[in-house]
Asks: 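So that we are looking at the same thing, I have put the structure below in structure tokens.
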Amino acid sequence: MKIKVLKKILCFVLATVIAMSVTLIASAESATPYDLTSATKRSAISMLDDGVVALVSAFNTTDTSVVQVDITQSLEKHAYFWTWDNVGGYSFKSVLDCVSNFTNYRTGLASGTYRVRSEFTAYLDDGRSETVVVYSNELTI
């Protein structure tokens, strides 16, 4: 008797989960976000002279409906395995003429492996927006 009740409960739970996943997929597909794949997004880190590290985030598009791009730039240091720690961040807002470059410089970094995390949020003239994250190459100091 208990096994039949457990089977019914399990079937109900599975049916509910499947129904919810179908609903979530349908609602996600009905949204029409802006597609940032046509834009060029770049994130880079490089060592300059005298121990100065350059952090670069760049956004370029030919789409004239993009009216603003917010860039959030974070310097991350490799911690262990596949994890990274945020060791500093910057943000930049621009009203575009289709190109937005954002460069910061750091000195006195401890030895380790670093990368730049660049988060680009593009705003369109019709009120839509999309956010994309791009990671740079890794730099070992």
Asks: Locate the shortest heavy-atom distance separating Gln73 from Val56; write the atom from each residue and the value.
Replies: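 Answer, listing the atom of Gln73 first, then Val56: NE2-C, 3.7 Å.
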Asks: Do you know which two heavy atoms are closest between Lys77 and Ala110, and how far apart they sit?
Replies: NZ-CB, 3.9 Å
Asks: Side chain to side chain contact (heavy atoms under 4.5 Å, CB included) between Tyr90 and Leu55: does it pass, once the steps are laid out?
Replies: CA-CA 10 Å; Tyr90 309 92; Leu55 317 173; 3.9 Å; yes
Asks: Roughly how far, to the nearest 0.5 Å, is CG of Asn104 from OG of Ser74?
Replies: 10.5 Å
Asks: By ring-ring contact (aromatic ring centres under 6.0 Å, His included), which residues pair with Phe102, not counting sequence neighbours?
Replies: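 ring-ring contact (aromatic ring centres under 6.0 Å, His included) check on Phe102 returns Phe92.
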Asks: For the OG atom of Ser118 and the CD1 atom of Ile71, what is their distance to the nearest 0.5 Å?
Replies: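 Nearest 0.5 Å value for the OG-CD1 distance: 7.5 Å.
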Asks: Side-chain donor-acceptor pairs under 3.5 Å in residues 133-141, sequence neighbours left out?
Replies:
{"from": "Tyr135", "atom 1": "OH", "to": "Arg117", "atom 2": "NE", "distance (Å)": "3.4"}
{"from": "Ser136", "atom 1": "OG", "to": "Val116", "atom 2": "N", "distance (Å)": "2.7"}
{"from": "Asn137", "atom 1": "OD1", "to": "Ile45", "atom 2": "N", "distance (Å)": "3.2"}
{"from": "Asn137", "atom 1": "ND2", "to": "Ile45", "atom 2": "O", "distance (Å)": "3.1"}
{"from": "Thr140", "atom 1": "OG1", "to": "Thr113", "atom 2": "OG1", "distance (Å)": "3.2"}

Asks: Are any of the side-chain heavy atoms of Val66 and Gln68 separated by less than 4.5 Å?
Replies: no
Asks: Where do Glu119 and Thr131 land on the side chain to side chain contact (heavy atoms under 4.5 Å, CB included) test, with the steps shown first?
Replies: CA-CA 7 Å; Glu119 182 176 300; Thr131 301; 3.4 Å; yes
Asks: May I ask you to test the Tyr114-Leu109 pair for a side-chain heavy-atom distance under 4.5 Å?
Replies: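 Contact flag for Tyr114/Leu109 side chains = yes.
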Asks: Look at the aromatic rings of His78 and Trp84 and report parallel, tilted or perpendicular, splitting at 30° and 60°.
Replies: perpendicular
Asks: Does a side chain donor of either Asp63 or Ser65 reach within less than 3.5 Å of an acceptor in the other side chain?
Replies: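 There is such a pair between these side chains.
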Asks: Could you tell me the separation between the OG1 atom of Thr83 and the CD atom of Glu76, rounded to the nearest 0.5 Å?
Replies: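 Thr83 OG1 to Glu76 CD: 10.0 Å, rounded to 0.5 Å.
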